[in-house]
Amino acid sequence: MAPSLTTLGKLPVVRCRLLQRYEHQPFVSCLAGLYGCQWRRYQRTRATPGDCCCSKLECASFALLIVTFCLTLVFLYFWSEAQNDYNDFDWFNFGNLGFWFPWSVVLLVIAAAFFSYITLLLLLAVCLLSEGQKLYLHWGHKIGVLVTAPYLHVGGVLLMTLLSWPIALHFYHINRKVGQALIMGLYLAVLCALYLVPLGMYSPCLKEEGTLCLSPALIGHRGAPMLAPENTLMSFEKAVEAGGQGLETDVTISYDGVPFLMHDHTLRRTTNVQEVFPNRTDAPAAMFTWGELETLNAGAWFLHRDPFSTAWSLSAEDRAQAQNQSICTFRDFLELASQREKQVIFDLYRPPEGHPYRDTWITRTLEVIQNESSIHSHQVLWLPSDLRSLVQQLDPDLQHTSASRAPVEELHQNHIVQLNLHYSSMSTEMIIEYAAANISTNLYVISQSWLYSLAWCTGAQSVTTNALQFLNNLSRPLFLMTPDEYNLMWVLTDVVSITIIIIIFIFHWWREQSLAFCSGSKPTLEHGTYIKFRTDVWSVSSVNILGEPAEPNLATVSEH
């Protein structure tokens with residue numbers, strides 16, 4: 001059946017609508033006001049087709065804006081993923097400033113605010129360029145961009161794909177071949193680098209079927225500090241309930257020789273020492289007698305400061321229990337581990353100068369393990385490196401652990417059966433090498449699922465964690481895939497991206513060719529087929545197709 005006259009008439013109309021450009025004066029005025037802070041007097045300066053969109057200073061500002069966007073994007077991504085170390089970051093600041101505050105969250109909020117600010121400026125700039133306007137970035141914004149620029153990061157394939165639209169638009173507007181070559185060369189260089197990045201990437205979670213090791217055992221870092229006040233009996237009980245296979249703590253010796261659990265060198269953060277002993281707030285914890293330590297509350301701070309933002313999840317019964325926790329002795333800690341048949345690992349702090357047990361701190365700790373508790377020595381992973389030979393003579397059944405990497409021969413000479421390392425030391429080759437020599441590896445402190453997944457894929461035998469309740473529910477590593485699946489994913493991503501980019505460039509090329517054909521050689525007629533507006537925009541004044549009257553405001557076509 002032959003197409004009707006109405007159908008034939010509508011085809012050119014659709015084509016013209018693809019080519020048309022409308023004037024958006026209120027929209028452009030708003031953009032320029034936000035970008036250049038020109039609210040009271042707005043004078044629009046349209047770029048001449050084929051010329052540069054702005055001055056050299058504004059070009060540099062726009063380039064810096066793009067770079068800063070990429071930098072802040074990746075900084076925000078990495079800091080948001082750094083939740084695993086938020087507590088360590090806050091504790092570091094507490095040790096230097098003397099008071100507890102969630103500085104990690106503050107930094108996250110600042111990074112998010114900077115990213116939102118830079119993203120808004122970049123969107124305004126792209127919209128102004130798409131409207132053919134010259135850029136005039138306000139000096140206040142330029143300073144704001146410079147403030148956030150000193151971070152080194154990388155963009156992504158998605159960003160480059162989205163940027164293909166404005167880049168293609170302005171590529172065909174530039175008359176100078178040098179300008180076209182420069183913009184395309186830079187864009188293609190970055191794009192190709194992003195496309196080829198997967199070839200040089202490595203992840204331990206890219207594994208063939210059947211090669212995944214058993215999941216690492218979970219050791220509660222100071223118990224379960226997200227569910228109860230750290231280093232208290234309640235915290236260790238919660239760790240056992242959450243599936244912890246080991247318990248980690250920190251041991252200090254009181255002035256009268258009672259080993260007790262305390263991570264900090266002072267009592268400020270985790271007790272009410274300021275209320276009970278206001279004149280000894282900054283005194284070392286080891287300089288208090290056990291009778292004085294017993295009078296302190298070691299749980300109320302947890303509900304008040306809520307270091308992990310998890311206090312809301314506690315039941316009324318748990319909140320009441322946490323509110324009344326006291327400092328835990330090393331003996332009570334070992335008894336709990338013995339009853340629950342859990343391994344223990346601990347840091348042991350040497351008392352300060354002038355302490356009665358300054359020189360006998362190792363033997364005093366061993367006395368508690370051997371004579372004052374029912375724990376078996378093989379349940380204790382002995383971490384302190386001081387006087388290790390003496391410790392091995394006094395109690396040969398202890399499992400000795402080292403906090404530093406060393407050659408296998410040296411570790412064997414010192415009877416080391418386990419390494420206790422920071423997760424940043426994680427290496428598949430290293431872990432395999434030590435495992436082959438019957439030396440296991442424990443990584444600390446891992447509290448995020450993605451980081452635990454990496455430790456799992458790397459082959460670590462155990463990890464120390466703050467988040468037992470979350471990691472124990474992980475049935476398989478995140479991001480686990482075979483090399484073939486990984487390659488297929490990245491190839492498809494690159495193919496889809498380059499296909500979209502090619503389609504965008506072809507569309508803009510067709511559009512510019514059609515615009516040139518439509519404008520023809522009649523741009524100077526005042527009352528003829530074309531009318532020239534003050535903004536150098538050409539408008540088709542009338543289109544009569546097969547005798548049909550023209551639609552009003554059918555098309556506005558720019559001349560190039």
Side-chain angles (χ1 to χ4, degrees), residues 84-85 88 92 200-208 211-221 245-251 263 342-350 359 361-363 365-366 369-370 376-448 450-465 471 477:
N84 189 81
D85 295 328
D88 290 340
F92 173 81
M201 290 181 65
Y202 165 77
S203 171
C205 287
L206 296 178
K207 306 181 79 69
E208 297 290 353
T211 60
L212 181 65
C213 302
L214 295 176
S215 60
L218 298 175
I219 298 177
H221 183 233
Q245 295 154 287
L247 303 173
E248 186 272 349
T249 189
D250 314 277
V251 180
H263 176 268
K342 303 297 181 183
Q343 286 189 326
V344 299
I345 183 172
F346 57 89
D347 282 317
L348 180 59
Y349 299 148
R350 186 178 185 182
D359 298 322
W361 54 303
I362 294 290
T363 54
T365 305
L366 284 174
I369 295 175
Q370 296 173 324
H376 299 290
S377 294
H378 64 81
Q379 292 178 253
V380 179
L381 299 169
W382 184 269
L383 182 59
S385 59
D386 303 85
L387 305 176
R388 191 180 292 275
S389 298
L390 174 63
V391 173
Q392 291 173 346
Q393 293 176 9
L394 296 176
D395 194 340
D397 292 332
L398 294 173
Q399 297 192 59
H400 284 267
T401 303
S402 175
S404 59
R405 297 172 57 178
V408 172
E409 296 76 13
E410 180 180 338
L411 295 175
H412 279 164
Q413 290 175 1
N414 293 325
H415 305 285
I416 302 297
V417 298
Q418 186 184 69
L419 292 177
N420 187 57
L421 304 174
H422 190 263
Y423 71 84
S424 60
S425 303
M426 188 163 41
S427 165
T428 304
E429 294 76 14
M430 175 198 73
I431 291 176
I432 291 176
E433 178 186 358
Y434 287 130
N438 293 322
I439 299 174
S440 61
T441 302
N442 178 68
L443 300 175
Y444 67 89
V445 173
I446 293 178
S447 301
Q448 295 293 310
W450 66 269
L451 192 55
Y452 178 68
S453 298
L454 289 180
W456 188 344
C457 295
T458 302
Q461 284 74 36
S462 61
V463 301
T464 303
T465 178
L471 301 188

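Start at 1 with the first residue, then count along the sequence.
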State, to 0.1 Å, how close [X] and [Y] come at their nearest heavy-atom pair, and which atoms those are.
X: I446; Y: T465; value: O-OG1, 2.6 Å
X: E208; Y: T211; value: O-OG1, 2.7 Å
X: V251; Y: F346; value: CG2-CD1, 3.9 Å
X: C213; Y: G459; value: SG-CA, 4.2 Å
X: T428; Y: P204; value: OG1-CB, 3.9 Å
X: L419; Y: I439; value: CG-CG2, 4.1 Å

Got [X] and [Y] here, is their nearest side-chain heavy-atom distance under 4.5 Å?
X: N414; Y: S402; answer: no
X: Y423; Y: V445; answer: no
X: D347; Y: L383; answer: yes

Has the side chain of [X] got a donor or acceptor atom that lies under 3.5 Å from a matching backbone atom of [Y]?
X: Q379; Y: K342; value: yes
X: W456; Y: P216; value: no
X: H422; Y: S424; value: yes

Single hit among V463, I431, I432, T458 for side-chain contact (heavy atoms from CB on, under 4.5 Å) with T441: I431
Audit row: Q343, I219, side-chain contact (heavy atoms from CB on, under 4.5 Å) steps and yes/no: CA-CA 9 Å; Q343 286 189 326; I219 298 177; 5.9 Å; no
Roughly how far apart are [X] [atom1] and [Y] [atom2], rounded to 0.5 Å?
X: L381; Y: N442; atom1: CG; atom2: CG; value: 8.0 Å
X: L398; Y: R388; atom1: CG; atom2: CZ; value: 10.0 Å
X: H415; Y: S389; atom1: NE2; atom2: OG; value: 8.0 Å
X: L247; Y: T464; atom1: CG; atom2: OG1; value: 10.5 Å
X: R405; Y: E433; atom1: CZ; atom2: CD; value: 8.5 Å
X: L411; Y: S404; atom1: CG; atom2: OG; value: 7.5 Å

Steps toward side-chain contact (heavy atoms from CB on, under 4.5 Å) verdict (Q418, S462): CA-CA 10 Å; Q418 186 184 69; S462 61; 3.8 Å; yes
Side chain to side chain contact (heavy atoms under 4.5 Å, CB included) partners for D397, two or more places apart: S377, D395
With L394 via side chain to side chain contact (heavy atoms under 4.5 Å, CB included) - residues at least two apart: T363, L366, L390
Step-by-step side-chain contact (heavy atoms from CB on, under 4.5 Å) determination, L421 to M430: CA-CA 12 Å; L421 304 174; M430 175 198 73; 3.9 Å; yes
Salt bridge (Lys or Arg N to Asp or Glu O under 4.0 Å) involving D386 - partner list, sequence neighbours excluded: none
Worked check of side-chain contact (heavy atoms from CB on, under 4.5 Å) between M426 and L451: CA-CA 10 Å; M426 188 163 41; L451 192 55; 4.2 Å; yes
